[in-house]
Amino acid sequence: MKHKINFFVITAIVVFFSMAADIFIVYQLNNYETRFLEIYGSEQDGYVKIILEQINRLDDQGTEEDITEIISSLDATASRYWTLSKGDSILFVKSVTETNRYKGFTDGTYYASETASEFMRNLGVNQVGHQIIYLDNDRFIASGMIFNWKDEEYRICLLTYDRVILEDNILLECKNSIIIILSLVLALLIILSMIMSRKISKQAIRIDKQEERVVWQNQQIELLDEQLKREYAFSASKHVFKKNILNEFLRTLDEKGVCPLHFALFETDSKEARDEFFEHMQIVLDNNVLRFSMDERQVLLIFVQYERTVSDRIIESLENWNVRGLDQLYCEDNMNSYQVQFDEFWKKVAGA
């Protein structure tokens, strides 16, 4: 009878512990997601600063259209996009098409939720900040700031949908692995408590080993976090830039003395073929290759610090039946600025 009572007591304790552990795991995973979004927000702040530097380079002849052109030149999706407002007026949201929908509306209309309104109220002048906000029941990590231009105050914000970050294959796989492993551990404890009540000491040893395993897994997750932060910062492999910001990149590479550069111009049979070409390049090219969409069919690749034999081999491998290489330019150094060398190359291609 005593052993029977001990069996039920131990089972009840383990069941109670398992339920509490499940609640704790869910709570900690939510905290983990929130903290990860905060870390991503810090990285995203740096991207806002980069765009603000481009805006500040506009001289007194610049206009609001020039600012919106800089922002609209960046690829935007429903999951990651920019907003710009002056005073209470919205100047840009996501794209030109989306902006037209909000013409005449205030930014308070777009940032209508409590968290979004608080974020906009707390924006600092020339100081980028980030916050988790909700828009139409969707969660975003928003980075933004107030900047002065021609004695006017503007608000620029970058919003990223949380699922884009949290449902990344590696992160989601790690999260699911943690849930599965911990669930199996808890289930194992319940089973062992029912069939091995006399071996509680051995169970404790196994639990200790499982806890060490969880600690090791958490350490691995921290390493993956660092890797993800680097990948989701400003990654060339995940961006296709427009032609109108090419000069900014050439100027920056010139100022930093980066060499050599290998320009390769391709032409596709159609816009659809160009898009497929961009998708293929995400797989085969790394972060040292800048991608530019020159028009609906032409694509410019800039291989940064590649040996010519290597870049030549890659360029040749990219050509297929619907992608043709038009011309190349290999710049061993920037004794003549990259801008000058590229302009001569572009005139040659245009006159061909």
Side-chain angles (χ1 to χ4, degrees), residues 50-51 54 57-59 61-62 65-66 68-76 95-96 234-352:
I50 292 174
I51 301 306
Q54 295 188 23
R57 289 178 182 174
L58 296 174
D59 54 22
Q61 303 299 321
E65 288 75 16
D66 294 328
T68 56
E69 183 177 351
I70 291 175
I71 299 175
S72 62
S73 67
L74 304 169
D75 284 355
S95 64
V96 176
F234 190 77
S235 174
S237 65
K238 296 179 174 62
H239 291 78
V240 176
F241 304 100
K242 294 189 177 180
K243 177 182 178 181
N244 54 5
I245 63 172
L246 173 60
N247 293 345
E248 293 293 334
F249 276 89
L250 294 179
R251 186 179 300 111
T252 300
L253 293 171
D254 206 18
E255 291 172 354
K256 293 183 177 180
V258 177
C259 64
L261 297 186
H262 194 167
F263 298 87
L265 184 64
F266 294 86
E267 184 177 54
T268 61
D269 290 339
S270 63
K271 181 179 179 181
E272 291 74 17
R274 182 204 64 180
D275 294 339
E276 292 178 359
F277 187 48
F278 282 139
E279 293 178 1
H280 176 63
M281 286 190 291
Q282 285 188 346
I283 301 174
V284 299
L285 300 183
D286 58 21
N287 285 336
N288 290 334
V289 183
L290 301 175
R291 303 132 168 98
F292 291 87
S293 176
M294 308 303 283
D295 58 25
E296 290 189 352
R297 294 175 55 194
Q298 288 188 347
V299 175
L300 176 68
L301 301 183
I302 304 179
F303 293 79
V304 181
Q305 294 182 322
Y306 268 76
E307 293 185 3
R308 181 159 191 172
T309 55
V310 176
S311 54
D312 279 339
R313 185 168 62 252
I314 297 174
I315 292 170
E316 182 179 354
S317 69
L318 292 175
E319 297 187 45
N320 56 44
W321 63 272
N322 59 0
V323 177
R324 298 175 300 280
L326 293 182
D327 207 343
Q328 303 179 33
L329 171 66
Y330 188 80
C331 301
E332 294 186 357
D333 54 51
N334 60 337
M335 296 295 292
N336 291 328
S337 71
Y338 291 135
Q339 183 66 66
V340 171
Q341 296 182 71
F342 178 76
D343 287 344
E344 293 178 355
F345 167 72
W346 190 249
K347 290 179 181 177
K348 174 186 172 183
V349 173

Set out, in order, the CA-CA distance, both residues' side-chain angles and the distance that settles side chain to side chain contact (heavy atoms under 4.5 Å, CB included) for V299 and M281, then state yes or no. CA-CA 11 Å; V299 175; M281 286 190 291; 4.1 Å; yes
Would you find a donor on one side and an acceptor on the other, under 3.5 Å apart, between the side chain of Y338 and the backbone of V258?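 Yes, the answer is positive, given that a donor and an acceptor are paired below the 3.5 Å cut-off.
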Are any side-chain N or O atoms of R274 and backbone N or O atoms of R297, one a donor and one an acceptor, separated by less than 3.5 Å?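 Flag not set: sc R274 to bb R297 has no pair under 3.5 Å.
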Nearest 0.5 angstrom please: L318 CG to R324 CZ, how far?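 L318 CG to R324 CZ: 14.5 Å, rounded to 0.5 Å.
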Atom of [X], atom of [Y] and distance for their closest heavy-atom approach:
X    : Y    : result
L261 : I302 : CD2-CG2, 4.2 Å
N334 : Q341 : CA-NE2, 4.1 Å
R291 : F278 : CB-CE2, 4.4 Å

With under 30° as parallel and over 60° as perpendicular, where do the rings of H262 and Y330 fit, or are they tilted in between?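 Aromatic pair H262/Y330 classed perpendicular.
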When the ring planes of F241 and F249 are compared, do they come out parallel, tilted or perpendicular, using 30° and 60° as the limits?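 F241 and F249: tilted rings.
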Is any side-chain heavy atom of [X] closer than 4.5 Å to a side-chain heavy atom of [Y]?
X    : Y    : result
Y306 : D286 : yes
N247 : F342 : no
F277 : N320 : no
Q328 : D312 : yes
L301 : L285 : yes
V310 : F303 : no
T268 : N322 : no

Inspect the surroundings of CD in E319 and state if more than 12 heavy atoms from other residues, nucleotides or ligands are less than 6.0 Å away.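 Atom CD in E319 is packed in, count exceeds 12.
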Qualifying salt bridge (Lys or Arg N to Asp or Glu O under 4.0 Å) pairs with a residue from residues 246-257, counting only residues at least two apart or across chains: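 Listed by first then second residue: R57-E248, E248-R251.
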The criterion is side-chain contact (heavy atoms from CB on, under 4.5 Å); which residues satisfy it with D343, sequence neighbours excluded?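 Q339.
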Under the rule for side-chain contact (heavy atoms from CB on, under 4.5 Å), what residues qualify as partners of D333, not counting sequence neighbours?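 Per chain and number, D333 pairs via side-chain contact (heavy atoms from CB on, under 4.5 Å) with M335.
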Checking F263 against L300 for the side chain to side chain contact (heavy atoms under 4.5 Å, CB included) test, could you report, in this order, the C-alpha distance in whole Å, the side-chain angles of both residues, the deciding distance, and whether it holds? CA-CA 7 Å; F263 298 87; L300 176 68; 4.3 Å; yes
